[in-house]
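Working notes, beginning with the structure itself.
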Amino acid sequence: MSESTQLGSQLVDLCSVLLLLSCFAIVAQRRLSACVDLFALQSFFLATTAALVAFLTGHRHIYLAAALTVVIKVIVLPRILRKVIERLNVSRELVMNINVPAGLLICGGLVVVAFFITQPIIPLGYLLTRDSLAIALAIILIGLFTMIARKKAVTQMVGFLVMENGVFLGATAAAYGMPLIVELGVFFDVLVAGLIAGIYTHRLQDAFDSVDTSELTVLKE
Amino acid sequence: MILQIGLVFMQLIMLLAFSPFIVGVIRKVKARLQCRRGASLLQPYADLAKLFGKQPVVSSTTSWIFPAAPYIVFASTVTAGLLMPVFISHTPLNFAGNIIALVYVLAMGTFFLILAGLDAGSAFGGMGSSREAIVATLAEPAMILSILAIALTAGSTNLSTIVHRSALLEGVVLAPPAHLMALAAMFIVTLAETGRVPVDNPATHLELTMIHEAMLLEYSGRYLALVEWAAGIKLLVFLTLLVNVFAPWGIATHATPSALAAGVTVYVVKVTGLAVIIGVIESMFAKLRLFRVPELLGSAFILALLALVFFYTLRG
């Protein structure tokens with residue numbers, strides 16, 4: 001591996017590590033609005049990673065994916081989520097299914113699991129982004145964990161979006177991104193899913209006066 | 001041989017003389033950010049001199065631990081300071097122990113301070129001791145893990161070797177993510193162990209929030225001076241660890257007068273810069289509620305754990 005690709009590979013690693021760190025920040029954060037801000041920050045890191053990969057490999061369509069990430073995940077989706085939060089009567093999530101210190105430890109374990117699983121695959125790869133595959137899997141697992149650990153619809157949605165970020169990073173890491181048409185479809189899906197979840201959260205707020213999804217398990221007359 | 005002894009004394013004097021200045025710098029930065037003029041940078045020296053001149057008052061209910069603890073705390077902190085490289089990559093007490101010994105020599109000081117807090121039997125002392133015990137137990141795993149991550153990148157647990165190798169960039173496995181995370185973990189541990197703001201407030205004497213100050217409440221005169229001085233040296237030890245392990249560039253690697261002069265200058269500048277950063281952080285953040293401290297130290301632990309994991313996986 002030449003000097004410049006080595007440096008590029010390390011930069012990509014660094015960016016994906018920042019992505020992973022912002023995951024942990026989301027897990028540790030109780031304020032709903034701060035969770036959304038952290039998600040926007042994470043998406044920004046994702047766009048940076050994608051742009052970096054595009055620059056290093058010369059694949060033009062990854063630039064487009066990075067630009068779409070900035071527009072949809074850094075600007076539009078956080079704005080929708082902030083609108084939702086403005087209507088809520090809570091600003092912090094105090095009761096969770098799993099408390100924050102335990103959640104952080106579990107997430108640490110998930111990262112180890114993700115690295116352990118991808119360990120046999122990574123040496124087979126030849127792309128300069130191959131190390132990010134383990135981080136992408138870790139991000140997907142942590143996103144899933146966030147959806148399980150949190151009770152509020154907004155943070156569960158952030159967990160879902162974090163998972164999506166992980167999938168995107170995984171695709172970039174494993175195959176320099178999906179074909180452009182698939183990428184466009186995925187972005188559209190995420191946008192629509194974000195809109196629907198936003199509307200659903202509004203309805204939840206109207207019906208139960210709370211966005212605690214555990215209320216949905218209780219029968220109501 | 002004489003050179004060696006000379007270097008030991010130079011480092012000793014550096015630690016003893018420089019630590020009150022660092023405390024003064026942090027106070028000055030905080031005062032400036034609060035639009036006050038603040039006390040002179042030399043005020044901590046004057047405080048120490050004043051306390052050493054006063055007669056100590058010792059409660060009649062205390063045992064031998066109470067008067068002995070300040071000496072033990074002071075001695076263990078200074079020993080820890082001599083176990084690490086300060087302005088030259090050579091460590092004075094290199095034969096005596098490595099980085100793990102340093103952590104536990106410091107822990108011994110903390111342990112005796114906790115005992116001393118309990119000894120006088122006052123309610124505040126006991127409360128401070130129990131809190132200090134919580135913080136110390138939670139900070140220790142994070143500190144050890146981040147140190148292990150660094151030791152792995154340099155291939156040695158000997159601080160002198162770690163600093164020497166990373167200063168010259170020889171035989172070091174470059175793993176920037178691991179380094180950054182270990183640095184972040186170590187920084188949080190530094191704030192917790194030295195009783196700085198997100199964990200403890202060194203300027204408060206408000207009963208409900210004290211940790212470190214509560215343990216010292218019964219001390220006066222030269223005992224108080226010793227404990228305060230030891231706290232300053234402990235702060236300097238942690239800042240030096242951060243500076244020398246994570247950014248050792250400019251440290252003297254051999255004992256020539258010019259290299260030593262450069263090493264001392266670079267060291268003073270770097271540590272003072274770090275002290276300014278800590279002062280800014282103290283002004284920006286509020287103290288955490290005590291029950292949120294485990295979350296902060298838990299995240300430091302996770303960061304250190306990730307640093308270890310990344311060291312193994314991102315070697316390329």
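Both backbone and side-chain heavy atoms feed into the values below; hydrogens, waters and symmetry mates do not.
Among all heavy-atom pairs drawn from A:Leu21 and B:Met181, the shortest one is CD2-CE, 3.3 Å.
Ranked by heavy-atom pairs under 4.5 Å with chain A, the first of B:Leu306, B:Leu297, B:Leu305 is B:Leu306.
Contact of A:Leu20 with chain B is made through the side chain alone, with heavy-atom distances under 4.5 Å. At a 4.5 Å heavy-atom cutoff, B:Leu296 makes no contact with chain A through either its backbone or its side chain.
Within a 6.0 Å sphere centred on CZ of B:Phe111, heavy atoms belonging to other residues, nucleotides or ligands number 12 at most. Within a 6.0 Å sphere centred on CZ of A:Phe44, heavy atoms belonging to other residues, nucleotides or ligands number 12 at most.
When side chains are defined from C-beta on, A:Ile135 counts as touching B:Phe310, because their heavy atoms get closer than 4.5 Å. Between B:Phe301 and A:Leu105, some side-chain heavy-atom pair lies under the 4.5 Å cut-off. Contact annotation: the side chain of B:Leu180 never approaches that of A:Val17 to less than 4.5 Å [non-hydrogen atoms, C-beta and beyond]. Residues A:Val100 and B:Arg292 form no side-chain contact, since every pair of their non-hydrogen atoms from C-beta on lies 4.5 Å or further apart.
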